[in-house]
Structures are given as C-alpha cells and as structure tokens.
Participant: 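To start, I am sharing the structure in question, which I have written as structure tokens.
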Amino acid sequence: MKILLTNDDGIHAPGLEVLEEIARHFSDDIWICAPDEEQSGMGHALTLTRPVRLRTHGKRRFSVTGTPTDAVTMGLRRVMDGDPDVILSGVNRGANLGDDITYSGTVSAAIEGALAGIRSIALSQVTSKEGAATDDTFEAARMWGPKVLGPLLDTPLPRRTLVNVNFPALPGDAIKGIRAVRQGFHDYSRGTVVEGRDPRGFQYFWFGLQAIEHTLDHGTDLEAIDDGCVSVTPLQLDLTHHASLGELGERYG
C-alpha cells in the first residue's frame, strides 16, 4: 500500500509525526508532502496568484510554500511516482467537528484527495489545553489511530467521498469506543471580532476564538466526542440541497 501524508499544521508539526507512526502500521511505502508552515483555517484554498515552491526534507519527505490543497496537488503531480492508495491528513492539533470542516485545512486536504478519486481520511485530535503540544497531547490518536484506520482501509467507499475522524481529549485507555456518526452543527452567530491597537497605534481586528455554542444532537460527531468516543464521519462532496430543487424548478419553470 502506498500512502501520502499531509496536514495543515506544517511539515514540522508533532501531529504529522504521530500520523506517520500510525501509517507505518499498514505500510512502509510512505510519502509526505505538507505545507511549510501552519495553514489552519485555510479551508480548500488553492494558491493562484503567486508561485508555489517545493522543498525537500529527506527521502520521500517534502513541503510546499502553500496551502494543504497545494500540498496534495504537488504530492500527486510532482512528488510521487504514481498515485497513492490512500491519503491521510493530520493528525490535526484541535477538533474538526460539525461546521468546522468548512474551515478546516485538514479536511480540505482530504477533499482534494477525494476529488482526485483517491481514498482520503482526515484525522484530528481534540485538545483541552492551550500551549505547546506534549507527549500526551496525541495519546488518543496514537493508540486508537490504527484501530480506526484498519476497517476504513478495507471498507468500500463511493467516489467523491472522504472520512473525517476525531479523537477525544482523553487518555487512550479512557476512550469508550468508535462511533460512525453524522456531522453535527455549531452556532457561529455569536462569534466576536476583537479590536485592538498595534505598537504603532494602528487599528487591527482579531477574530474571537472563544467557545462556540453547539447542540449535542443524537448521532452526531459532537455527541460522540462528548461521550468519550472516537467519531468517524463519512462526508460527500455533493453540496446540492436536493430537497429544494423541485420548488426552485417550479419558480423558474
């Protein structure tokens, strides 16, 4: 099995090291192509207005001066000697649950893989502490990653789908299991924009990152994490709201 690894936290992120550990349970044919630096919140952005540079960090280990989408594109078109069997993105430091997936560079890297027709899985570690990552930060992902990936690598998935995995912020032996669940919902309506002044007196704004309201609907990724389980959510790239097509067709008919 040939595996391409990427992320949105950057080529030197500790979560990428954990992802490589997980991937080596399944293969030694591992390739890495990740952004040069952190690209959190970039979503599915593609660099179009400036050149992207490719840098080598060792055998089968590369970085790009761009977004997670750029990294996957370069990995597939310039770095690898043939398509991978699977693309793994992560392990992100922080949750990618509910509507967060629309912002997530981690999930968007997997989206790019799915668009290319390659089995793609995003993995994120929910955290409860700020500051630098420690050996314990990714304990759950390290212990449960192989248990999650084993079935996912064997399960048939339709084209243009991907899988989003989140590990709860718990010690590995405290996790209760793995749940296949749907995407939950966050309430972003109360998000804040913080205003300040820089040392030169110029105004700036910082998007507030305080806790976001969410509803623990039954059967969602948010509920699974809250219950101490690993969440596994299949996602599709068809964003069409099919239920509205009939009414709109009548209005334009």
Side-chain angles (χ1 to χ4, degrees), residues 4 6-9 34-35 39-49 52 66-77 83-84 86-92 94-124 126 148 152-153 155-166 179-191 207 209 212-225 230-253:
L4 173 62
T6 191
N7 69 358
D8 74 354
D9 287 333
Q39 296 285 325
S40 296
M42 290 298 292
H44 200 208
L46 180 66
T47 300
L48 298 175
T49 59
V52 173
T67 68
T69 301
D70 297 332
V72 173
T73 300
M74 291 296 289
L76 296 178
R77 299 182 183 177
D83 286 344
V86 62
I87 295 174
L88 302 179
S89 180
V91 174
N92 188 68
N96 279 306
L97 298 163
D99 304 284
D100 291 346
I101 63 172
T102 62
Y103 300 103
S104 170
T106 303
V107 175
S108 292
I111 288 174
E112 190 65 17
L115 286 171
I118 298 167
R119 181 182 300 261
S120 299
I121 303 167
L123 303 98
S124 300
V126 181
V148 174
L152 285 179
L153 296 178
T155 302
L157 294 174
R159 288 181 61 85
R160 299 174 68 84
T161 64
L162 60 140
V163 179
N164 184 35
V165 177
N166 282 268
R179 289 186 193 171
V181 290
R182 61 186 171 86
Q183 176 189 341
F185 172 72
H186 283 312
D187 182 3
Y188 285 99
S189 63
R190 299 180 183 180
F207 294 140
L209 297 178
I212 299 170
E213 295 287 335
H214 60 263
T215 302
L216 297 179
D217 290 336
H218 181 63
T220 66
D221 51 5
L222 295 166
E223 181 193 54
I225 291 297
V230 179
S231 67
V232 176
T233 304
L235 304 173
Q236 63 182 7
L237 300 185
D238 180 3
L239 301 182
T240 306
H241 188 253
H242 293 275
S244 298
L245 284 175
E247 181 177 348
L248 289 175
E250 292 176 3
R251 290 179 179 269
Y252 292 112

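Worth knowing before you read on, the calculation uses all heavy atoms, side chains too, and leaves out hydrogens, waters and symmetry mates. All residue numbers in this chain count up from 1 along the given sequence.
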Participant: Taking all non-hydrogen atoms of both residues into account, name the closest pair between Glu223 and His218 and its distance.
Facilitator: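 Between these two residues, the closest heavy atoms are OE2-ND1, 3.3 Å.
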
Participant: Check whether Thr240 reaches the backbone of Asp238 with its side chain - one donor and one acceptor, N or O, closer than 3.5 Å.
Facilitator: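 Side chain of Thr240 to backbone of Asp238, a donor-acceptor pair under 3.5 Å: no, none is there.
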
Participant: Using modelled atom types and a 3.5 Å cut-off, is there a donor and acceptor pairing between side-chain atoms of Asn166 and backbone atoms of Ser231?
Facilitator: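 No.
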
Participant: Please evaluate residues Thr233 and Asn164 with respect to the criterion side-chain hydrogen bond (donor to acceptor under 3.5 Å, both in side chains), reporting the C-alpha separation (whole Å), side-chain torsions for both, the decisive distance (0.1 Å), and the verdict.
Facilitator: CA-CA 5 Å; Thr233 304; Asn164 184 35; 5.4 Å; no

Participant: Quick check: closest heavy atoms across Thr220 and Gly184, and the distance to 0.1 Å?
Facilitator: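 Shortest heavy-atom separation between Thr220 and Gly184 comes out as CB-CA, 3.8 Å.
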
Participant: With side chains defined as the heavy atoms from C-beta onward, is the minimum distance between Pro35 and Asn7 less than 4.5 Å?
Facilitator: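 Contact flag for Pro35/Asn7 side chains = yes.
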
Participant: Do Arg179 side-chain atoms and Ile225 backbone N/O form a donor-acceptor pair below 3.5 Å?
Facilitator: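 No, Arg179 side chain to Ile225 backbone: no donor-acceptor pair under 3.5 Å.
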
Participant: Within the 4.5 Å heavy-atom criterion, are Leu123 and Val148 side-chain neighbours or not?
Facilitator: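 A side-chain contact is absent here, since even the closest heavy-atom pair is not under 4.5 Å.
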
Participant: Is the shortest heavy-atom distance from the side chain of Leu88 to the side chain of Ile121 under 4.5 Å?
Facilitator: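 They are in side-chain contact.
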
Participant: Drop me the distance from Leu237's CG to Leu115's CG, to the nearest 0.5 angstrom.
Facilitator: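 It comes to 5.0 Å.
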
Participant: May I ask you to test the Gln183-Leu235 pair for a side-chain heavy-atom distance under 4.5 Å?
Facilitator: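 Side chain of Gln183 against side chain of Leu235, heavy atoms only: contact under 4.5 Å found.
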
Participant: In Å, rounded to the nearest 0.5 Å, how long is the span from OG1 of Thr161 to CD of Gln236?
Facilitator: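 These two atoms lie 8.5 Å from each other.
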
Participant: Look only at the side chain of Ser108 and the backbone of Gly43, and say whether a donor-acceptor pair between them is shorter than 3.5 Å.
Facilitator: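 Present.
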
Participant: On a heavy-atom basis, which atom in Gly66 and which in Thr47 lie closest, and how many Å separate them?
Facilitator: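 Smallest heavy-atom distance, with atoms named: CA-OG1, 4.1 Å.
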
Participant: Could you check whether any side-chain N or O of Ser120 sits under 3.5 Å from a backbone N or O of Ile111, counting only pairs where one atom can act as donor and the other as acceptor?
Facilitator: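 Side chain of Ser120 to backbone of Ile111: no pair is present.
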
Participant: Can you tell which of Leu4, Leu162, Val72, Leu76 makes a side chain to side chain contact (heavy atoms under 4.5 Å, CB included) with Ile118?
Facilitator: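 Output: one option passes, namely Leu76.
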
Participant: Strictly distance-based, threshold 3.5 Å: is any side-chain N or O of Asn92 a donor or acceptor partner for the main-chain N or O of Ser124?
Facilitator: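 Checking the backbone N and O of Ser124 against the side chain of Asn92, no donor-acceptor pair under 3.5 Å is found.
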
Participant: side-chain hydrogen bond (donor to acceptor under 3.5 Å, both in side chains), that's the test. Do Asp70 and Thr67 meet it? Break it down for me.
Facilitator: CA-CA 5 Å; Asp70 297 332; Thr67 68; 3.2 Å; yes

Participant: What is the distance from atom CG of Leu239 to atom NE2 of His241, rounded to the nearest 0.5 Å?
Facilitator: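 The CG atom of Leu239 sits 11.5 Å away from the NE2 atom of His241.
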
Participant: Looking only at non-hydrogen atoms, find the nearest pair between Pro68 and Met42 and report the distance.
Facilitator: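 Reported closest heavy-atom pair: CD-CB, 4.5 Å.
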
Participant: Is there a donor-acceptor contact under 3.5 Å from the side chain of Asp221 to the main chain of Gly98?
Facilitator: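 A pair under 3.5 Å: yes.
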
Participant: Going through the checks in order, is the side chain to side chain contact (heavy atoms under 4.5 Å, CB included) test met by Glu112 and Thr73?
Facilitator: CA-CA 8 Å; Glu112 190 65 17; Thr73 300; 3.5 Å; yes

Participant: Quick check: do Ser89 and Val107 have side-chain heavy atoms less than 4.5 Å from each other?
Facilitator: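 Not in contact.
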
